A.B. asks: 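This is the structure, below, for whatever I ask next.
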Protein chains: 2
Amino acid sequence: MNLMERLKEVLKQKDYKLTTQRKIIFDVFSEHGEKHLSPEEIYEIVKTSHPEIGLATVYRTLQIFDEIGMIKKMNFNDGCSRYELTDENESEHHSHLICTQCSKVIELEDEELESINEILEKEKKYNIKEYNIKFFGVCKDCTK
Amino acid sequence: MNLMERLKEVLKQKDYKLTTQRKIIFDVFSEHGEKHLSPEEIYEIVKTSHPEIGLATVYRTLQIFDEIGMIKKMNFNDGCSRYELTDENESEHHSHLICTQCSKVIELEDEELESINEILEKEKKYNIKEYNIKFFGVCKDCTK
DNA sequence: TTAATTGCAAATGGTTTGCAATATT
DNA sequence: AATATTGCAAACCATTTGCAATTAA
């Protein structure tokens with residue numbers, strides 16, 4: 001099942017309507033899957049093809065997408081929230097490297113995260129459902 | 001060396017003055033060491049004994065304390081930033097459990113974090129200086 | 001004495017909300 | 001047709017800033 005169909009299904013399931021605006025905003029995520037977009041950035045992208053869409057709609061839509069689990073809200077301490085498309089497979093585990101020099105955000109690869117599962121095992125007594133790990137350091141580009 | 005002396009020293013080292021207000025605000029951390037306080041909460045505490053202190057001073061002071069490394073700014077997605085006294089020993093590594101039901105924040109114990117070091121080893125190629133891990137789940141109280 | 005710091009009030013900027021018009025089911 | 005959603009503008013709220021008065025060094 002592709003992403004848009006999944007969106008359609010999950011929206012219906014929660015009694016939300018599939019509006020033109022929601023489709024357009026969701027498309028931005030499909031086309032910028034790798035990035036962590038802020039509401040303002042999404043608004044700017046959407047405006048180029050659909051100038052009539054309001055910023056408030058973007059915010060409300062992001063809230064709903066987050067609530068139904070299609071995207072994930074995150075905070076990189078840069079003054080705004082950022083959103084990333086949820087990965088169907090390992091949906092609730094997030095791990096990023098944030099470069100303290102250029103502020104670039106790098107997604108860590110699966111293989112690099114194996115040991116996290118060990119920690120989760122250890123922490124089972126807390127009923128952990130999700131984790132969010134940020135490593136702060138200097139990325140390869142800035143190290144040069 | 002006690003905390004206040006350390007503050008005094010680090011402030012001087014960075015050419016900041018040790019003002020009455022800074023002492024008062026720092027005392028709040030000594031007295032509420034275990035909590036993650038927001039600027040507003042600190043302001044409320046401080047006001048009871050020193051009503052003349054302004055909220056802006058609290059914000060500016062927290063910024064400086066964070067900059068000089070005496071406290072650490074963190075974000076629990078509850079609409080404000082929160083600060084915690086820096087631990088001299090393992091200063092740059094933070095790990096919390098956030099209860100998704102009661103929003104309580106629990107600091108994880110050292111022993112529970114051993115495996116994090118393994119990850120850090122693995123990630124050395126990124127020049128990692130600091131990490132910040134949040135586990136989301138249900139705490140013991142809420143599990144009952 | 002002099003530059004940093006403070007308190008206050010006003011400004012800022014990301015996010016939310018009220019409401020009448022519009023679109024989805 | 002009934003209800004949710006939209007766009008707009010105004011409101012909100014955490015945080016920042018300008019400035020004249022105060023204080024630490």
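Letters A, B, ... mirror the listed sequences (proteins, then strands); counts begin at 1. Computed from a predicted model, the values in this text were never measured in an experiment.
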A.B. asks: Tell me: NZ of B/Lys73 to C1' of D/dT16, nearest whole Å?
C.D. replies: 11 Å
A.B. asks: Mind running a 4.0 Å heavy-atom check of residues 44-58 of chain A against DNA chain D and sending the residues that fall below it, in number order?
C.D. replies: A/Glu52, A/Ile53, A/Gly54, A/Ala56, A/Thr57
A.B. asks: Any side-chain N or O of B/Tyr59 under 4.0 Å from OP1/OP2 of D/dT15?
C.D. replies: yes
A.B. asks: Please give, in whole Å, the distance from D/dT5 P to A/Ile68 CD1?
C.D. replies: 11 Å
A.B. asks: Could you tell me the separation between the CD1 atom of B/Ile42 and the C1' atom of D/dA14, rounded to a whole number of Å?
C.D. replies: 14 Å
A.B. asks: Suppose we screen for ring pair (Phe, Tyr, Trp, His ring centres under 6.0 Å). Which residues come up paired with B/Tyr16, at least two apart in sequence or across chains?
C.D. replies: none
A.B. asks: If you take all heavy atoms of A/Met70 and A/Val10, which pair is closest and at what distance?
C.D. replies: SD-CG2, 4.2 Å
A.B. asks: How long is the line joining CD1 of B/Ile64 and P of D/dT16, in whole Å?
C.D. replies: 12 Å
A.B. asks: What residues form a side chain to side chain contact (heavy atoms under 4.5 Å, CB included) with A/Tyr59, not counting sequence neighbours?
C.D. replies: A/Pro39, A/Leu55
A.B. asks: Check A/Thr57 against A/Thr61 and note the closest heavy-atom contact, atom names and distance.
C.D. replies: O-OG1, 2.6 Å
A.B. asks: Please report the shortest heavy-atom distance between B/Lys14 and B/Glu67, naming the atom on each side.
C.D. replies: NZ-O, 4.3 Å
A.B. asks: Partners of B/Lys47 by salt bridge (charged side-chain N to carboxylate O under 4.0 Å, His left out), sequence neighbours excluded?
C.D. replies: B/Glu44
A.B. asks: Using five pairs at either end of the helix from C/dT1-D/dA25 to C/dT25-D/dA1, determine the angle between the two local helix axes and round it to 10 degrees.
C.D. replies: 40°
A.B. asks: Flag the pair B/Gln21 / B/His50 as yes when at least one side-chain heavy-atom distance between them is below 4.5 Å, and no otherwise.
C.D. replies: no
A.B. asks: Using a cut-off of 4.0 Å on non-hydrogen atoms, how would the nucleic acid contact of B/Ser38 be classed: base, sugar-phosphate, or nothing?
C.D. replies: nothing
A.B. asks: Can a salt bridge be assigned to the pair B/Glu41 and B/Arg82 using a cut-off of 4.0 Å between side-chain N and carboxylate O?
C.D. replies: yes
A.B. asks: Over how many whole Å does the gap from B/Glu41 atom CD to D/dA14 atom P extend?
C.D. replies: 11 Å
A.B. asks: For B/Arg60 and D/dT16, give me the distance from atom CZ to atom P, rounded to whole Å.
C.D. replies: 11 Å
A.B. asks: Find the distance A/Lys12:NZ to D/dT5:P and express it as a whole number of Å.
C.D. replies: 15 Å
A.B. asks: With B/Lys17, which residues qualify under side chain to side chain contact (heavy atoms under 4.5 Å, CB included), at least two apart?
C.D. replies: B/Thr19, B/Arg22
A.B. asks: Kindly write out the residues that satisfy ring pair (Phe, Tyr, Trp, His ring centres under 6.0 Å) with B/Phe26, not counting sequence neighbours, or none if the list is empty.
C.D. replies: B/Phe65
A.B. asks: Tell me, which of residues 18-26 of chain A have any heavy atom that sits under 4.0 Å from an atom in DNA chain D?
C.D. replies: A/Thr19, A/Gln21, A/Arg22
A.B. asks: Which residues pass the salt bridge (charged side-chain N to carboxylate O under 4.0 Å, His left out) test with B/Asp27, not counting sequence neighbours?
C.D. replies: none
A.B. asks: Looking only at non-hydrogen atoms, find the nearest pair between A/Lys73 and A/Ser81 and report the distance.
C.D. replies: CE-CB, 3.6 Å
A.B. asks: For chain A and DNA chain C, what are the first and last nucleotides along the strand, 5' to 3', with at least one atom under 4.0 angstrom from a heavy atom of the protein chain?
C.D. replies: C/dG14 to C/dT25
A.B. asks: Roughly, in whole Å, what's the span from NZ in A/Lys17 to C1' in D/dA2?
C.D. replies: 8 Å
A.B. asks: Can you sort out the partners of A/Ile45 under side chain to side chain contact (heavy atoms under 4.5 Å, CB included), two or more places apart, ordered by chain and number?
C.D. replies: A/Val28, A/His32, A/Leu37
A.B. asks: Report the residues that fulfil salt bridge (charged side-chain N to carboxylate O under 4.0 Å, His left out) with B/Lys23, sequence neighbours left out, ordered by chain and then residue number.
C.D. replies: none
A.B. asks: Can you see if the side chain of B/Gln63 gets near the phosphate of D/dT15 - specifically, an N or O under 4.0 Å from OP1 or OP2?
C.D. replies: no
A.B. asks: Go nucleotide by nucleotide along DNA chain D from the 5' end; which of A/Thr61 and B/Cys80 gets its closest nucleotide reached first?
C.D. replies: A/Thr61
